[in-house]
Amino acid sequence: MTKIGILGIAHMHGYSYARALKGMNDVEITGLYDDDGYRMNKACRDLGIKSCEDLEELVAGSDGVIVTSENSTHRKFVEIAARKGKHVLCEKPIATTLEDANAMVEICKENNVKLQMAFPVRYSASVRKAKEIIRAGFLGDVINLVGTNHGRMPGGWFTDPELSGGGAVMDHTVHVVDTVRWLLDCEFTTVYATFGTLIYDIQVEDCGLEMFKLSTGQYMTLDCSWSRPRAHPYWGDVTLRIVGTKGTLFLDIFNSKIEVYSNESGSSWENYGDNLDQLLIEEFVEVLRSGRSPFTIGEDGLQALKVVCSAYRSFEEGTETKIV
Amino acid sequence: MHSIAILGAGMMGNVHARAYRAMNQTSSLWIVDPVASRAGVLAETYGAAVANFEEVLENDGIDIVDICTPTFTHRDLAISALEAGKHVFCEKPVALKLRDARAMDEAAGKSGKKFMVGHVVRFFPQYSAVKELSVARNIGEIVMARLYRGGSFPSHGIDNWFADPEKSGGVFVDLSIHDFDFLRTLLGPVTTVEARSSMLSSDKQKSSFDHGMAILKFESGALVHVEGSWAEPPGMPVGFGTFYEFIGTRGMITNSYERETTLKLQTSIEGKPKYAQENPAHFDPYAAELESFTLSVDEDKEVPVNGREAIESLRIALAANLSAKLLRPVELSEVH
């Protein structure tokens, strides 16, 4: 039996991960801890799992933990787990500062525990196929990339800079960055970012556009905006156009959709594609069982966060900025 | 009734000749092209006469000159025609340089004749509806947008002039200028452009190929991403398409050539696979555009897209080119 505890349920993905775990054989959710007792109890009721007041005890009784707390509190939970020798699956972004992210990667290394990053997009079959297509040379030399990761404005702690570290740029830069790093075996070297709080009356940015240069020579733009209105039938998207000298490839990762039109609840789209959260969780369980390294690691989270932090710096300076 | 000389019997010359003929079965049309056979074929198709440019300038019966030639020839042709007392319609982009465009606009001012530039996207129904829809459906102020326009490389250009950045200006100046112009009408002036294009920015270049990405900041605060592409391989079933999304403070408006299409064909013709995806329509935006021009001439009123407007739209495209070349954001005020 593989025992997994959940630390923090601030991020809605925690619900999705818990449901994935519940559907697996020989996996036990040891319990859920959250600093916010009300939130903890509500999630435990909704998910049918045990609440744990004692964080240390929960970690001690688990083989690994999933951290889905607010962005700025990831470090605290990862450190507790690492010190007890427990493997970790950490929600993205890895942290809100590079100092925290470095410390997290470091402490996991020191304690010989695996740190898996929740970058589910990389687990998509379309992304894998895209990598094969690029490798086979079907696109020729890749020249430019155009990415989007749109979403609805999530509200709640996501708009509290103390807890989230920032708005749309913090929330929606890392998925596509991580995917492209893997697709092209590259790092992001420079960024120009412009953003604004254009749609909502909130404390963080809701719209952002970024221009990157990659270590492999390409240029790339990314739209990370929380620009899907509530009326939109779907939460958002992850898309990537890859333009090469011989051809182009377009990825629309969550476009496996069933359109539903209801007189009661309006229009909504239902995704029937592979459940990427499920694939992410299966990977984590496999890591716990086999002891091998995860497909998406803490270092990936750190590299993606470097891009984010440099994007904020670029915006402050109004210029293109080296990613360091 | 107008007597119209079309300069250039290439793709746009064809489109305009067809539109004029559809507007008026009996108007007199003249076709001018240095390649006599091209002029002849077009003249025959639409019941026009073949002439050379000097004959057009000297013929007082011809009141309108419609310039459908490659961009780098626009300036001299337009100025000569205006000085000869003709009303001038000029295909976009108005010119490759601001000083050329200004010279054309000044010539128009001096002549007192009408001068209009072919920013036809303003006449495409899925674009002309945006402003009205945003108000009627209450989507609020438009604060963000993404626009795509592109397809295969335009290999129909004579001597492959589109491939020469000195002659076409590349994908921003020739193609994305449609979106820059439309955005200006919708959102007002642009302040900053950050752009890259394969022709001007990449170290892995390829001839007859371009792809550009531009991030625009508007005075209003709006942020816009414009993508222009001549990067699709030749001979693809869908050679060209457009996409947009406009984000308002209370909703969004979006349209895509991939989603919204009224005719799809899959067959084989003489053993060769044939696929088509189209939106055939009776309404012809080019005809609407040219009709608005002749109406401005008839009623002696301001043309829908004058020289000053074309200059401002060109300025954005040139700022994109400058940014793509210098690899840094460019203020519009740097481009003059």
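Below, chain A is the first sequence line, B the second, and so on; all start at residue 1.
Environment of CZ in Arg230(A): sparse, with no more than 12 heavy atoms of neighbouring residues, nucleotides or ligands closer than 6.0 Å. Sparse packing is recorded around CD of Glu166(B), with 12 or fewer heavy atoms of other residues, nucleotides or ligands lying under 6.0 Å away. Residue Glu162(A) qualifies as open at atom CD: its count of foreign heavy atoms under 6.0 Å is 12 or below. No more than 12 heavy-atom neighbours from other residues, nucleotides or ligands sit within 6.0 angstrom of NZ on Lys325(B). Crowding of Tyr275(B) atom OH: a count of heavy atoms from other residues, nucleotides or ligands under 6.0 Å exceeding 12. Heavy-atom contacts from other residues, nucleotides or ligands closer than 6.0 Å to CZ of Arg128(A) number more than 12. Annotation: Asn138(B), atom CG; neighbour count of heavy atoms from other residues, nucleotides and ligands within 6.0 Å is above 12. Atom CD of Glu270(A) sits in a sparse spot, with 12 or fewer heavy atoms from other residues, nucleotides or ligands closer than 6.0 Å.
Within residues 220-232 of chain B, the residues having any heavy atom closer than 4.5 Å to a heavy atom of chain A are Gly221(B), Leu223(B), Val224(B), His225(B), Glu227(B), Ala231(B), Glu232(B), listed by residue number.
Counting heavy-atom pairs closer than 4.5 Å to chain B, the top residue among Ile199(A), Thr319(A), Leu198(A) is Leu198(A). Among Leu209(A), Thr248(A), Val142(A), Thr148(A), the residue making the largest number of heavy-atom pairs under 4.5 Å with chain B is Leu209(A). Comparing Lys206(B), Met252(B), Arg328(B) by how many heavy-atom pairs each has under 4.5 Å with chain A, the most go to Met252(B). Comparing Met144(B), Glu141(B), Met213(B) by how many heavy-atom pairs each has under 4.5 Å with chain A, the most go to Met213(B).
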Audit row: Glu258(B), Arg241(A), salt bridge (charged side-chain N to carboxylate O under 4.0 Å, His left out) steps and yes/no: CA-CA 14 Å; Glu258(B) 279 163 321; Arg241(A) 192 193 323 278; 5.7 Å; no
Going through the checks in order, is the side-chain contact (heavy atoms from CB on, under 4.5 Å) test met by Val243(A) and Phe209(B)? CA-CA 11 Å; Val243(A) 178; Phe209(B) 179 95; 3.9 Å; yes
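When heavy atoms are compared at a cutoff of 4.5 Å, Leu145(A) approaches chain B solely by way of its backbone atoms N, CA, C and O. Interface residue Lys246(A): only backbone heavy atoms are found under 4.5 Å from chain B. Neither the backbone nor the side chain of Thr190(A) comes within contact range of chain B, judged by heavy atoms closer than 4.5 Å. With a 4.5 angstrom heavy-atom cutoff, Ile139(B) does not touch chain A via any of its atoms. Heavy atoms of Glu210(A) lying under 4.5 Å from chain B belong exclusively to its backbone.
Across Ser227(A) and Glu245(B), no two heavy atoms sit closer than the pair OG-OE2, 4.4 Å. Among all heavy-atom pairs drawn from Gly318(A) and Pro329(B), the shortest one is O-CG, 4.2 Å.
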Could you pull out every donor-acceptor pair under 3.5 Å between side chains of residues 173-180 of chain B and any protein atom, sequence neighbours left out?
{"from": "Asp179(B)", "atom 1": "OD1", "to": "Arg149(B)", "atom 2": "NE", "distance (Å)": "3.3"}
{"from": "Asp179(B)", "atom 1": "OD1", "to": "Arg149(B)", "atom 2": "NH2", "distance (Å)": "3.0"}
{"from": "Asp179(B)", "atom 1": "OD2", "to": "Arg149(B)", "atom 2": "NE", "distance (Å)": "3.1"}

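In this structure, OG on Ser197(B) lies 10.0 Å from OH on Tyr219(A), to the nearest 0.5 angstrom. To the nearest 0.5 Å, the span separating CD1 on Ile215(B) from CZ on Phe195(A) amounts to 12.0 Å. Atoms CD and OG, from Gln218(A) and Ser201(B) in turn, are 13.0 Å apart once rounded to the nearest 0.5 Å. The distance from the CG atom of Asp203(B) to the CG atom of Asp141(A) is 9.0 Å, given to the nearest 0.5 Å. Here OH of Tyr200(A) is found 9.5 Å from OG1 of Thr249(B). Values are rounded to the nearest 0.5 Å.
The residues Arg196(B) and Glu320(A) are annotated as salt-bridged, a charged nitrogen and a carboxylate oxygen being separated by less than 4.0 angstrom.
Looking only at distances, a side-chain donor or acceptor of Asn144(A) sits under 3.5 Å from a matching main-chain atom of His211(B). Side-chain atoms of Lys204(B) never come within 3.5 Å of backbone atoms of Ile143(A) as a donor-acceptor pair (strictly under, hydrogens ignored).
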